[in-house]
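Position 1 is the first residue of the sequence, and the numbers go up from there.
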Amino acid sequence: MVQVLDEDGTVDPWRRRTRRTRRQMPLWQELPLLLVVAFCLAVLIRTFLLQAFFIPSGSMEDTLLIGDRVLVNKVVYDVRDPVRGEVVVFRGTDRWVAQEVQEPEPGFAGKVGRTFGDLVGVSRPGEKDFIKRVIGVPGDRVKCCDDQGRVLVNGTPLDEPYVIRNSPLDVPPNARECRSRRFEEVVVPPGQIFVMGDHRLVSQDARCQGPVPIDNVVGRAFMVVWPSQRWTSLPVPETFDRLSRPAAAPAVPPPAEPAPVGGVALVLPAVTLMSVVARSGRSARARGRRLHP
């Protein structure tokens with residue numbers, strides 16, 4: 001019992017108060033709670049901020065290899081539209097052929113792991129999820145080729161060092177196949193983008209499957225995070241800086257891209273987990289000091 005003294009030094013019984021000690025939650029109780037909180041944070045981050053995507057095919061080689069995992073910013077296109085040169089993940093339209101990913105039927109443990117991966121955003125993409133590079137935006141005129149075999153956007157040729165294996169020039173163009181490098185001029189419709197893979201020899205893209213609605217874009221792939229030796233960013237190549245604005249584009253520049261949230265969002269659950277564990281450890285050491293003065 002703590003006695004509170006008045007200004008004259010006398011004890012006021014009505015101002016007495018009881019010191020209440022706060023009990024610390026044991027680590028074995030706090031850790032499961034913390035894991036639940038970290039899992040919920042991961043699900044929220046995956047749903048609203050960013051998601052890790054697995055690369056299942058070679059259509060973006062050598063920029064992205066089979067088995068790579070990329071981080072995709074899912075909020076950037078809430079404030080602006082995609083721009084040329086960005087690598088985007090999107091849902092294909094009915095014209096887009098589903099990706100053929102042959103996998104053995106998983107057992108019970110595999111299904112549980114896949115479900116968990118879907119929740120936190122580290123599973124394989126769906127059959128209609130694709131990743132390509134934006135070549136044209138609404139109003140652009142895209143065609144191939146000039147006398148050097150380059151893609152032209154609004155009459156300006158692209159120098160594409162990221163294209164290592166291109167489609168052959170001697171194959172006649174076919175609107176239903178992406179085997180040829182050459183294709184007729186396409187005017188990108190409003191609200192859509194023209195996308196192509198970096199590995200043009202095998203990529204099935206807008207050359208034969210048509211443009212993609214911007215509403216189908218999931219987000220921008222901005223970083224390769226796995227395997228660790230391939231950790232790198234995915235910037236817009238310099239060749240796209242030379243392109244003129246399409247006829248349908250507004251005269252005002254697009255809103256500035258928000259600050260990258262990848263680093264913060266990626267480590268937030270881990271930081272939360274570590275901070276609570278550290279606090280529990282300090283509490284345990286404090287209790288130990290009180291028990292053994």
Aromatic plane relationship, Phe90 with Phe130 - under 30° parallel, 30 to 60° tilted, over 60° perpendicular: parallel

Is it true that [X] and [Y] fall in one hydrophobic cluster, defined by side-chain heavy atoms closer than 4.5 Å?
{"X": "Tyr162", "Y": "Val195", "answer": "no"}
{"X": "Val186", "Y": "Phe240", "answer": "yes"}
{"X": "Val236", "Y": "Val224", "answer": "no"}

Closest heavy-atom pair and its distance - [X], [Y]:
{"X": "Arg181", "Y": "Gly149", "result": "NH1-O, 3.1 Å"}
{"X": "Gly191", "Y": "Pro138", "result": "N-CG, 3.7 Å"}
{"X": "Pro227", "Y": "Asp68", "result": "CD-OD1, 3.3 Å"}
{"X": "Val88", "Y": "Val217", "result": "CB-CG1, 4.1 Å"}
{"X": "Ile135", "Y": "Glu160", "result": "CD1-OE2, 4.0 Å"}
{"X": "Met196", "Y": "Lys132", "result": "O-CB, 3.7 Å"}

Check against side chain to side chain contact (heavy atoms under 4.5 Å, CB included), Ile164 and His199: CA-CA 7 Å; Ile164 307 300; His199 189 179; over 6 Å; no

Val188 vs Val137, side chain to side chain contact (heavy atoms under 4.5 Å, CB included): CA-CA, chis, key distance, verdict: CA-CA 6 Å; Val188 184; Val137 295; 5.9 Å; no

Okay, side chain of [X], backbone of [Y]: is any donor-acceptor separation there less than 3.5 Å?
{"X": "Gln209", "Y": "Val97", "answer": "yes"}
{"X": "Ser233", "Y": "Pro235", "answer": "no"}
{"X": "Arg207", "Y": "Glu177", "answer": "no"}
{"X": "Thr239", "Y": "Asp159", "answer": "yes"}
{"X": "Arg133", "Y": "Met60", "answer": "no"}
{"X": "Asn154", "Y": "Arg141", "answer": "yes"}

With a 4.5 Å limit on heavy-atom distance, are the side chains of [X] and [Y] in contact?
{"X": "Cys178", "Y": "Val202", "value": "no"}
{"X": "Val151", "Y": "Val163", "value": "no"}
{"X": "Val218", "Y": "Arg91", "value": "yes"}
{"X": "Leu50", "Y": "Val72", "value": "no"}
{"X": "Pro211", "Y": "Pro189", "value": "yes"}
{"X": "Asp140", "Y": "Ile193", "value": "no"}
{"X": "Cys208", "Y": "Asn174", "value": "no"}

Enter the distance from [X]:[atom1] to [Y]:[atom2] here, rounded to the nearest 0.5 Å.
{"X": "Leu158", "Y": "Leu152", "atom1": "CG", "atom2": "CG", "result": "7.5 Å"}
{"X": "Thr232", "Y": "Leu234", "atom1": "OG1", "atom2": "CG", "result": "6.5 Å"}
{"X": "Ile55", "Y": "Ser57", "atom1": "CD1", "atom2": "OG", "result": "7.5 Å"}
{"X": "Phe222", "Y": "Leu71", "atom1": "CZ", "atom2": "CG", "result": "4.5 Å"}
{"X": "Ile131", "Y": "Phe53", "atom1": "CD1", "atom2": "CZ", "result": "8.5 Å"}
{"X": "Cys145", "Y": "Lys143", "atom1": "SG", "atom2": "NZ", "result": "10.0 Å"}

Lys/Arg-Asp/Glu bridge criterion (N-O < 4.0 Å) met for Arg200, Asp205: no

Trace of the side chain to side chain contact (heavy atoms under 4.5 Å, CB included) decision for Asp198 with Asp62: CA-CA 7 Å; Asp198 289 357; Asp62 288 342; over 6 Å; no

From CA spacing to verdict: side chain to side chain contact (heavy atoms under 4.5 Å, CB included), Val83, Val134: CA-CA 7 Å; Val83 300; Val134 179; over 6 Å; no

Residue pair Glu86, Arg80: steps toward the salt bridge (charged side-chain N to carboxylate O under 4.0 Å, His left out) verdict: CA-CA 13 Å; Glu86 293 180 333; Arg80 66 168 178 82; 2.7 Å; yes

Heavy-atom count check: over 12 atoms from other residues, nucleotides or ligands less than 6.0 Å from [X] [atom1]?
{"X": "Glu185", "atom1": "CD", "result": "yes"}
{"X": "Arg150", "atom1": "CZ", "result": "yes"}
{"X": "Asp241", "atom1": "CG", "result": "yes"}

